[in-house]
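Here's the structure, in structure tokens; my notes come after.
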Protein chains: 2
Amino acid sequence: MSQQRHGSTPGSGSGNVPAFPDLPEATIARLPEYLRALHNLGEGGSDTISSEGLAAAAGVNSAKLRKDLSHLGSYGTRGVGYDVALLIEQIEYVLGLDQRRAVCLVGVGNLGHALAGYDGFASRGFKIVALLDADEAKVGEVIHGLAVRHIDELAQVAVEESIAIGVIATPAGAAQAVADELVAAGVTSILNFAPCVLSVPANVDVRKVDLAIELQILSFHEHRKATLTALPGGRSATGAGNQEAVGS
Amino acid sequence: MSQQRHGSTPGSGSGNVPAFPDLPEATIARLPEYLRALHNLGEGGSDTISSEGLAAAAGVNSAKLRKDLSHLGSYGTRGVGYDVALLIEQIEYVLGLDQRRAVCLVGVGNLGHALAGYDGFASRGFKIVALLDADEAKVGEVIHGLAVRHIDELAQVAVEESIAIGVIATPAGAAQAVADELVAAGVTSILNFAPCVLSVPANVDVRKVDLAIELQILSFHEHRKATLTALPGGRSATGAGNQEAVGS
DNA sequence: AGGCGCTTGTGAAGGCGTGCACAAATCGCG
DNA sequence: CGCGATTTGTGCACGCCTTCACAAGCGCCT
Ligand SMILES: NC(=O)c1ccc[n+]([C@@H]2O[C@H](COP(=O)([O-])OP(=O)(O)OC[C@H]3O[C@@H](n4cnc5c(N)ncnc54)[C@H](O)[C@@H]3O)[C@@H](O)[C@H]2O)c1
Ligand SMILES: NC(=O)c1ccc[n+]([C@@H]2O[C@H](COP(=O)([O-])OP(=O)(O)OC[C@H]3O[C@@H](n4cnc5c(N)ncnc54)[C@H](O)[C@@H]3O)[C@@H](O)[C@H]2O)c1
């Protein structure tokens with residue numbers, strides 16, 4: 001394991017060299033979950049936490065958690081557990097949360113309003129620095145201290161604020177056009193709420209959130225449960241059930 | 001393959017026997033995507049569609065799509081493609097979308113408001129039949145023709161409306177309690193927007209949507225791209241980039 | 001009727017992720 | 001100082017998923 005990577009911790013060096021030994025996608029999708037659990041535990045006063053305990057708090061298998069964390073390096077102490085503060089620092093560093101990330105939100109409609117007012121972004125190092133819409137009637141409206149600007153100003157704002165992440169909350173029909181504009185403005189990560197497939201250059205990452213799909217997956221399981229009425233075991237009320245989560 | 005399963009199609013029989021040859025989870029997570037693409041194509045006038053075409057529309061590999069569809073049975077015609085209408089019917093049947101599914105929404109705050117007004121649910125066979133909140137000030141408020149009711153009425157409404165799916169849009173602190181109440185009321189599928197792990201009986205399905213996690217994953221990739229400034233190939237502008245999607 | 005091009009359905013291989021089980025390491029205590 | 005309790009880090013095996021590649025099947029054209 002990389003025992004000499006201990007020195008190169010977040011706060012210290014700025015231009016620290018090496019890209020991480022490319023973590024498995026499945027792992028990085030779980031890191032935010034661990035981070036949240038750690039924050040909760042930190043407030044609880046705990047100084048260290050065992051893999052078992054943290055795994056329980058994050059809702060995963062403890063072996064999986066240890067393997068995930070081992071990819072970041074060796075930040076635990078055998079016989080003791082993980083130092084909560086240090087681990088938080090490490091994960092935040094790996095996720096790039098030590099630097100505030102500017103986000104722009106395009107489409108200030110029903111959903112956009114909710115997102116604009118959501119404090120769960122700011123508390124994780126994300127700051128919405130621009131609200132954009134094509135509807136002239138919405139331009140100028142102030143939401144949580146931020147005025148809605150016209151979409152045509154995107155390129156300008158993106159440069160001014162060094163925006164790398166964009167959120168699309170427009171109707172599906174406009175999403176591709178908006179994505180193109182975001183890309184043109186230099187955005188390299190997009191979170192898309194519109195139910196459609198986006199086509200973007202290879203260097204741009206897209207993540208999609210589609211509530212209808214989630215419901216349809218649940219519907220399938222409902223359908224399945226319904227057709228299996230005659231299940232031999234009956235209902236077994238286990239403590240922690242089957243938790244499915246987003247992630248690619 | 002199962003050539004005799006053709007007769008047992010959706011519309012016809014009601015109490016049709018067999019549970020599907022349990023589809024892979026990865027497949028069922030993609031079926032809604034195919035379904036949306038098919039609906040778009042259907043409006044476009046196409047009568048049949050090739051796996052290549054549908055795969056492109058859904059943003060997946062064509063071999064994967066064929067394998068996914070082959071799990072439902074053989075509904076394509078070699079040399080021609082898939083009959084759009086038939087395939088839609090099939091997928092909707094498998095997902096259990098042929099019957100309207102009643103949904104209740106708990107927590108009518110910022111996010112809850114947006115969800116309550118979202119028409120993307122109804123258009124997919126889901127109907128929000130109850131809005132519930134603990135805040136007396138919100139009880140009675142009418143949103144899109146539906147009045148907010150007090151959470152204490154959950155059990156009653158759940159039975160009246162045969163609610164099997166519940167959506168949680170309350171603060172994280174209240175989510176577990178709400179989940180317990182939903183389970184007690186007979187709900188067997190939960191879509192959770194609160195950033196926390198829910199503990200439920202084994203027969204209950206939970207899916208989580210956490211926007212902060214999505215952003216953190218994007219942040220990681222931003223961080224990675226930033227540290228890799230010296231990438232040999234430069235930016236290769238491929239047509240369809242890397243599309244990550246939700247799903248477990 | 002026969003051949004040709006096109007498309008599906010699938011066998012097989014490879015990669016990824018998961019979870020078990022255990023050796024190595026650390027702490028506390030006698 | 002040594003020993004036992006505890007917990008991490010990981011080698012390994014298994015299963016799922018993805019992807020390639022191709023035979024089988026279908027329609028159309030001659
Ligand atoms: N409301 C929800 O709860 C919800 C849930 C899941 C997904 N979605 C999806 O999110 C998207 C937005 O939903 P909504 O309910 O907020 O819709 P909405 O119609 O209320 O808002 C859309 C906003 O986008 C703006 N817009 C349209 N074209 C634009 C363009 N080219 N550039 C910039 N802005 C543009 C409109 O002016 C409007 O303000 C939709 O794709 C919807 O399917 C919504
Ligand atoms: N707003 C967003 O864009 C957004 C985005 C992602 C996730 N979320 C998450 O969704 C949840 C809701 O967010 P929000 O911004 O709508 O919060 P909010 O505070 O605006 O709304 C929460 C609502 O839940 C109600 N509530 C509280 N306790 C309840 C209980 N025990 N039973 C029933 N109702 C109860 C409150 O009365 C309130 O109306 C939070 O967990 C938040 O983290 C919100």
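Basis for what follows: all heavy atoms, side chains included, without hydrogens, waters or symmetry-related copies. Chain A is the first sequence line, chain B the second, and so forth, proteins listed ahead of strands; every chain is numbered from 1.
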Look at the side chain of [X] and decide which nucleotide, out of [options], has an atom nearest to it.
X: B:Lys67; options: C:dG17, C:dG11, C:dG19; result: C:dG11
X: A:Pro24; options: D:dC17, C:dG17, D:dG27; result: C:dG17
X: A:Ser70; options: D:dG9, C:dC20, C:dT8; result: D:dG9
X: A:Arg78; options: D:dG27, D:dC12, D:dT7; result: D:dT7

Phosphate OP1/OP2 of [N] contacted by [X] side-chain N/O (<4.0 Å):
X: B:Ser50; N: C:dT7; result: no
X: A:Lys64; N: C:dG19; result: yes
X: B:Arg66; N: D:dC20; result: no
X: B:Ser51; N: C:dT8; result: yes
X: A:Ser74; N: D:dG9; result: yes
X: A:Asn61; N: C:dG17; result: no

How many whole angstroms separate atom [atom1] of [X] from atom [atom2] of [N]?
X: B:Ile28; N: D:dC17; atom1: CD1; atom2: P; answer: 10 Å
X: B:Tyr82; N: C:dG9; atom1: OH; atom2: P; answer: 4 Å
X: A:His71; N: C:dC16; atom1: NE2; atom2: P; answer: 12 Å
X: B:Arg30; N: D:dC16; atom1: CZ; atom2: C1'; answer: 11 Å
X: B:Leu23; N: D:dC16; atom1: CG; atom2: C1'; answer: 14 Å
X: B:Leu65; N: C:dT7; atom1: CG; atom2: P; answer: 14 Å
X: A:Ile49; N: D:dT8; atom1: CD1; atom2: C1'; answer: 14 Å
X: B:Asp22; N: D:dG15; atom1: CG; atom2: P; answer: 15 Å

(request) Starting from the 5' end of DNA chain D, give me the residue, A:Ala63 or A:Gly79, whose nearest nucleotide shows up first. (result)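 Result of the comparison: A:Gly79.
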(request) Please determine if A:Lys225 and B:Asp205 form a salt bridge, counting it only when a charged side-chain N lies under 4.0 Å from a carboxylate O. (result)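 Salt bridge flag = yes for B:Asp205 with A:Lys225.
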(request) Would you confirm whether B:His223, through its side chain, and A:Tyr93, through its main-chain N or O, come within 3.5 Å as a donor-acceptor pair? (result)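 Yes: the side chain of B:His223 pairs with the backbone of A:Tyr93.
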(message) Strictly distance-based, threshold 3.5 Å: is any side-chain N or O of B:Thr77 a donor or acceptor partner for the main-chain N or O of B:Val80?
(response)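 The answer is no, because no donor-acceptor pair under 3.5 Å joins these two groups.
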(request) Please check if any side-chain donor atom of B:Thr48 sits under 3.5 Å from a side-chain acceptor atom of B:Asp83, or the reverse. (result)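 Side-chain D/A pair, B:Thr48 to B:Asp83: absent.
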(message) Please tell me whether A:Ser199 and A:Gln176 have a donor and an acceptor in their side chains that are separated by less than 3.5 angstrom.
(response)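 No - no donor-acceptor pair under 3.5 Å links their side chains.
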